[in-house]
Amino acid sequence: MNSLAPGIDEVRARTSPFPQRHFLSVADLDPVQVGALLDLADDFVSLNRQMSKKHDLLKGRTLINLFFEASTRTQSSFELAGKRLGADVVNMSPRASSIVKGETLVDTAVTLNAMRPDILIIRHGASGAASLLSQKVDCSVVNAGDGQHEHPTQALLDALSMRRAFGRIGGLTVAICGDILHSRVARSNVALLTMLGAHVRLVGPPTLMPAGVERWGVEVHTDMKRGIAGADVVMMLRLQLERMQGALAPSTREYFRLWGLDREKFALTREGARVMHPGPMNRGVEIDSDLADDLSISLIQDQVEMGVAVRMAVLASMAARLDNH
Amino acid sequence: MTAARPLAFLGARLVDPETGYDGPGALVIANGKIAEVWRGDAAPELGADALRVEAAGAMLCPGLIDLRVKTGEPGAEPKETLKSAARAAAAGGVTSIVVQPDTDPVIDDPAVADFILRRARDIELVHVYPAGAATKGLDGHALAEIGLLREAGCVYVTNGDRPIVDSRVMRRLLSYAGGLGVLVAHRPSDPWLADGAVATEGEFSGRLGLASEPVAGEAIMLERDLALVALTGARLMVDQISAAAPLRGLERAKDAGLPVVATASINHLSFNELDIGDYRTFCKLVPPLRSETDRLALIEAVASGLVDIVVSAHAPAPPEDKRLPFEEAAPGAVGLETLLAAMLTLHQEGRVPLARLIETVTLAPARAIGLAAGRLAVGAPADLVLCDIDAPRLIDAAALISKSKNSAFDGRRLQGSVLMTLVEGRIVHDALGATR
């Protein structure tokens, strides 16, 4: 297999500059650019499976991971992606430092910007935070999740996982299930999957659907069984447990009965269907462990692996663009 | 001082909301009052000492009366002082402002009202009237000293941006204030439906991932308030109605003869939910910007008189409160300097007749709070604005006089430039240089 894997020089040659200075939203990309990024990410998957994973595409570059919200998966994924490409990576969790001193998001960003990073990767609990930050700094900004708005690299890694499992994305029926209202993963996935020609269904209780969702160009279902019937992919979303205590749904057990994924409901999907989850999972609340751990069905571990590769592709493209300055 | 010499405006376009007159004329001021009003081509005979202003067809109308202005004084002077607000008002053709009680300390004590009135006298620019707090500390529970606040000069009472949730408190407020003849203003908003919301519920806020409130919350609270008006017989000023659904409730109440007046903010007449765009915090307002359908319904209601009064909803916020993620940013926009131009732009777009528009910012608010101003009548206070209604203006927030520059109109093209503003015959703003 290693003999088929591309060498780093080939990958370097195939890396085209990212179309925008910042990556804030799926809407920053068109289908051709998405295809190119996924192809590049495929190469990085192969490279990451070799013993020597370290390359020099980002040599001399500085990345700052600015995570205002706790995150293990995304932060370490970006960190590994940066380090494997040879960049210096600094992790900042401002919750623990300056923010408590009353410094604003913009102040923090401007301060970090003065240290001349090349790429700032930001996660923040407020929708639009990455966009705000991008207007105040002159480095590139990657949105690693802003409130309930977008999480574009998650959508890319989900697309890559699906493309590798099915060989295509166009024509797939993808059911995204659970708390759509509060989910940036759902918003980015709807944007990307509809752009790539997948048929998207949103499934969940009416109290967890955003207003105006019927105009997103998707099917909307409140009945889980109908919503996942015949689907190729069932993407479960994480549920905030505090939302399940009577505010938006009566209880976790009622939720699991109606919208949790178990074998019985999964049997309604198309033959060969796969399960996805952006993590971290609430086992027994939105998904049965039995399904989540069944590697013939679950793509959840693949998603994590693809996450590093997709982020390497994004960072390498952004660095290629920086070179042009 | 110029007040001593008679001042005459010649060749003006007089717009008088009281008589509905909109035509050529002249006007003479003496001793702080309007001394003569001449319609048509007739010209006054003037003494040699009279100061003449050739208006060259510019509009002369009563100075604007803005019933909803926030300053930062006392308590948050870096945002806006009474002086900076008064200067902004004068530059915008606003001759009377009513300041909101959510200062620090709150205007729930006659001493605070008295402080504001004394400061305004020292500044000597425009009329400043305090609105008193309806409840102590604006807590929504215990009635403030409404009688003493009235004696101290408060022109109405309100709970500001915080709706009074407890219907029993609202009933007692209306009943008590109504009995004293004090106008109550209340912003209709269901606090639970609006909890945490920063935008109007709809496709756009859903895509942006912003917490949102449905318009129904405004309609629900308005219906409660109107039922309590029917119960108590007290006068109510509906503060900043913003959408089509509550307008229908307002119309039913007015048809039934309830003593209700309603205001709308110029922002809700000029912008819709899409103006939030890429999380523009200058367009984060309370109530949030509504749909285009709501905006058009609101303009129609202003034209028909269903909505009586237009306010600037001037709410200064410094960069440290606005340069934040949308959900964390302070709501509100400054508006004193753009109110008239934004109104005139609605007129230029052919949406509302000029005399009616002027009425909503002059005579109608004057009547609501019992002022003698707002008219071009002999003996009325010479609170006037002379304005070139056709002059194009590109709004540059940085060039505003307000200490805070959070204008929702930043970068917008408006029509209408204030040439001169007079308060009791004193020239408080003079872009013509006519008196030099």
Side-chain angles (χ1 to χ4, degrees), chain A residues 22 24-28 68-69 99 102-110 122-136 143 145-152 179-188 190-191 194 202 208-218 220 247-248, chain B residues 78 191-218 243 245 272-284 288-294 317-331 397 406 410-411:
Chain A
H22 307 297
L24 305 176
S25 158
V26 164
D28 292 336
F68 290 85
E69 275 185 347
I99 284 297
E103 196 176 61
T104 67
L105 167 67
V106 169
D107 289 336
T108 306
V110 167
I122 179 183
R123 165 165 294 188
H124 195 281
S127 302
S131 163
L132 172 69
L133 205 132
S134 73
Q135 294 160 27
K136 309 289 177 187
N143 181 6
D146 64 326
Q148 298 162 9
H149 179 223
E150 282 231 34
H151 190 357
D179 182 358
I180 312 290
L181 177 62
H182 299 97
S183 176
R184 54 192 172 217
V185 174
R187 282 175 182 74
S188 285
V190 167
T194 52
L202 298 179
L208 293 174
M209 284 290 172
V213 70
E214 62 283 352
R215 286 192 286 190
W216 286 15
V218 298
V220 180
L248 293 162
Chain B
W192 292 285
L193 286 174
D195 186 30
V198 296
T200 295
E201 189 171 294
E203 185 192 359
F204 191 64
S205 60
R207 283 184 186 276
L208 288 179
L210 292 176
S212 60
E213 57 160 85
V215 161
E218 185 174 319
N272 66 32
E273 58 187 344
L274 301 180
D275 286 297
I276 292 174
D278 189 15
Y279 303 97
R280 251 186 110 218
T281 56
F282 284 7
C283 287
K284 178 178 175 181
L289 289 172
R290 306 298 195 186
S291 71
E292 180 64 2
T293 313
D294 289 323
E320 62 268 29
D321 293 347
K322 278 292 188 184
R323 213 165 47 195
L324 292 170
F326 196 85
E327 288 172 337
E328 296 167 13
N406 55 310
D410 187 25

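Not measured: the values here are computed from a predicted model. Chain letters run A, B, ... following the sequence lines, proteins first and then strands; every chain starts at 1.
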With only heavy atoms counted, which part of A:Q135 is less than 4.5 Å from chain B, the side chain, the backbone, both or neither? side chain
B:E327 CD to A:H124 NE2 distance, which is reported to the nearest 0.5 Å: 10.0 Å
Check whether A:H182 gets within reach of chain B through its side chain, its backbone, both or neither, counting any heavy atom under 4.5 Å. neither
Any B:E328 side-chain heavy atom under 4.5 Å of A:L105 side chain: no
Chain A: which of B:P214, B:G206, B:A211 shares the most heavy-atom pairs with it under 4.5 Å? B:G206
Minimum heavy-atom distance between A:L132 and B:L324, given as atom pair plus value: CD2-C, 3.3 Å
Side chains of A:S127 and B:L210: closer than 4.5 Å at any heavy-atom pair? yes
Leading residue by heavy atom contact count with chain B [cutoff under 4.5 Å; candidates A:A211, A:S131, A:G212, A:S25]: A:A211
Which atoms of A:R215 are under 4.5 Å from chain B, going by heavy atoms: the side chain, the backbone, both sets, or neither? both
